[in-house]
Amino acid sequence: MLKIDHLETMQGNFSLDIENVTFHKGVNIILGPNGSGKSTLLKGMLGYGGNHLLSREITYHGSALGEVSGIMSFLPQENPRFRIRTGEYLIMTASADKATKERMAEIIRRFHISHLLGRSIEELSGGEFKRVQCAQIALEDKPVIMIDEIEQGLDLRHQHEMMKWLKKEGRKKIVITTMHEAQLAMTYGDTITLLQAGHAEGPLPAAQVTSGQLSECYNIRLTMERHKNAVSIYHTPL
Ligand SMILES: Nc1ncnc2c1ncn2[C@@H]1O[C@H](COP(=O)(O)OP(=O)(O)OP(=O)(O)O)[C@@H](O)[C@H]1O
Ligand SMILES: [Mg+2]
């Protein structure tokens, strides 16, 4: 259980003020318009933010969360690239134990990246790089996974594959990811947190989120329909 008792940041005219938000095991998705504070929230939870970070009271299983590197994997929205072979990049942040090495083949298969291992990460396409970064996180195998915009850059197939991977990880880990693809979020998410101008509503069970809540969050009229294994959301102009 990861609980934000209070997280407050102030950057320019924008302030984020979050209180009493608790994430449990499962896929916890943060939705919100551009500039609503999704990235700021994730970075604030990690303790990044310098002078902008005014308050950070977070507990992990009841103990104050200080240093996070042993607990959390983080994939930021923008990640700089440098000249390194994909295979080396992949294991750069993982532990060198035997179990990790044994899991590597399975992870390389799952993320469809075997053909990329000999190439420099500078040369990869946006979605190929994203898959390598997610594979790196899978290898790290930490109990909390935080990803800023999981679906960014991924083709349709890999968007679904990635959400299935998160769903699997969510059985034993706390997964927190921001997204823009609300249909995917509603289909795969266990909880949804709606962020608007630095304030959070939720986490709400995904099954309970309404069209009205989504419409209000994005300031556009939306209709959501739930099907057996999927959710569709469309814009309904007046
Ligand atoms: N270093 C900074 N200085 C001043 N303002 C900042 C800084 N970083 C972010 N902001 C502002 O804070 C607000 C929230 O930014 P944030 O990146 O968290 O939004 P977001 O919800 O992740 O948006 P997006 O969907 O576009 O990624 C925005 O208005 C942004 O312009
Ligand atoms: Mg962002």
Side-chain angles (χ1 to χ4, degrees), residues 2 4-23 27-58 65 68 72-81 126-127 129-134 136-137 144-156 158-159 162-163 166 174-189 191-204 206 209 213-222 224 231 233-235:
L2 188 63
I4 305 175
D5 288 308
H6 189 212
L7 184 67
E8 188 178 2
T9 71
M10 176 78 80
Q11 45 204 23
N13 294 328
F14 178 82
S15 63
L16 176 93
D17 198 348
I18 307 285
E19 273 183 292
N20 289 325
V21 166
T22 303
F23 297 111
V27 180
N28 301 278
I29 296 177
I30 299 169
L31 293 178
N34 294 139
S36 56
K38 301 179 298 299
S39 300
T40 305
L41 169 58
L42 295 192
K43 286 187 267 188
M45 286 175 73
L46 288 155
Y48 306 159
N51 295 337
H52 300 309
L53 194 53
L54 305 182
S55 168
R56 179 175 172 269
E57 293 167 33
I58 301 179
L65 181 69
V68 295
M72 289 181 178
S73 291
F74 177 53
L75 181 52
Q77 191 171 340
E78 314 283 349
N79 217 359
R81 303 200 201 188
F129 182 44
K130 186 68 165 231
R131 275 153 45 207
V132 170
Q133 292 173 97
C134 288
Q136 193 185 49
I137 282 179
V144 180
I145 294 178
M146 298 218 298
I147 300 181
D148 202 353
E149 298 202 6
I150 178 72
E151 81 282 26
Q152 183 198 57
L154 293 174
D155 63 45
L156 209 49
H158 286 103
Q159 288 180 11
M162 219 50 100
M163 295 312 291
L166 287 187
I174 301 172
V175 176
I176 304 170
T177 180
T178 72
M179 293 185 76
H180 283 295
E181 289 289 339
Q183 294 192 152
L184 273 187
M186 291 298 164
T187 301
Y188 291 97
T191 77
I192 304 290
T193 301
L194 298 170
L195 208 58
Q196 240 184 321
H199 292 276
E201 183 182 1
L204 311 159
V209 176
Q213 283 170 314
L214 278 185
S215 302
E216 190 191 320
C217 181
Y218 288 102
N219 196 22
I220 183 173
R221 197 162 153 218
L222 298 167
M224 174 164 52
V231 174
I233 297 171
Y234 50 91
H235 174 36

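All ligand and atom numbering here is 1-based and tracks the order in the structure.
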Numbered in order shown, the ligand 1 atoms found under 4.0 Å of a heavy atom of P33 are 21 (O)

Nearest-neighbour protein heavy atom for atom 3 (N) of ligand 1, which is reported as residue plus atom name and distance
Q11 CB, 3.9 Å

Quick note on ligand 1: atoms under 4.0 Å from a heavy atom of G37 include exactly 14 (C), 18 (O), 19 (O), 20 (P), 21 (O)

Which residue and non-hydrogen atom of the protein lie closest to atom 13 (C) of ligand 1, and at what distance in Å?
F14 CG, 3.4 Å

Verdict with reasoning, I4 to E19, per side-chain contact (heavy atoms from CB on, under 4.5 Å)
CA-CA 6 Å; I4 305 175; E19 273 183 292; over 6 Å; no

To which protein heavy atom is atom 17 (O) of ligand 1 closest, and what is the distance rounded to 0.1 Å?
S39 CB, 3.7 Å

Could you check whether any heavy atom of G198 sits closer than 4.0 Å to an atom of ligand 1, since that is the contact criterion I want to use?
no

Between the main-chain N or O of E149 and the side-chain N or O of T178, is there a donor-acceptor pair closer than 3.5 Å?
yes

Kindly indicate, with the supporting measurements, whether the criterion side chain to side chain donor-acceptor pair (under 3.5 Å) is fulfilled by S55 and H6.
CA-CA 7 Å; S55 168; H6 189 212; 3.1 Å; yes

For the residue pair M163 and I150, what are the closest heavy atoms and their distance?
SD-CG2, 4.0 Å

G35 to ligand 1: N or O pair under 3.5 Å?
yes

Residue selection (non-hydrogen contact nearest atom 27 (O) of ligand 1) among H52, E78, Q77:
Q77

For atom 25 (O) of ligand 1, what is the closest protein heavy atom, and at what distance to 0.1 Å?
K38 NZ, 2.7 Å

In ligand 1, the atoms that come under 4.0 Å of a heavy atom of H180 are 25 (O)

Within this structure, what is the CD-CD1 distance for the pair Q77 and I147, rounded to the nearest 0.5 Å?
13.0 Å

Measuring from L166:CG to Y188:OH, what's the distance to the nearest 0.5 Å?
10.5 Å

Heavy-atom contacts with S36 under 4.0 Å: which atoms of ligand 1 show up? List them by number with element.
19 (O), 21 (O)

Is atom 9 (C) of ligand 1 less than 4.0 angstrom from at least one protein heavy atom?
yes

Should one rank L31, N34, L195, T40 by closest heavy-atom distance to atom 18 (O) of ligand 1, which comes out on top?
T40

For the metal site, I want the angle between atom OE1 of Q77 and atom OG of S39 with the Mg ion (ligand 2) at the apex, to 10°.
80°

Measuring from L41:CG to I18:CD1, what's the distance to the nearest 0.5 Å?
5.5 Å

Distance from L2 atom CG to M72 atom CE, nearest 0.5 Å?
4.5 Å

Look up atom CZ in F14 and atom OG in S36, then write down how far apart they are to the nearest 0.5 Å.
6.5 Å

Return yes when E149 approaches ligand 1 closer than 4.0 angstrom through a heavy atom, no otherwise.
yes

Contact between G32 and ligand 1, counting heavy atoms under 4.0 Å?
no

Please step through side chain to side chain donor-acceptor pair (under 3.5 Å) for the pair Q213 and E201, ending with a clear verdict.
CA-CA 10 Å; Q213 283 170 314; E201 183 182 1; 3.2 Å; yes

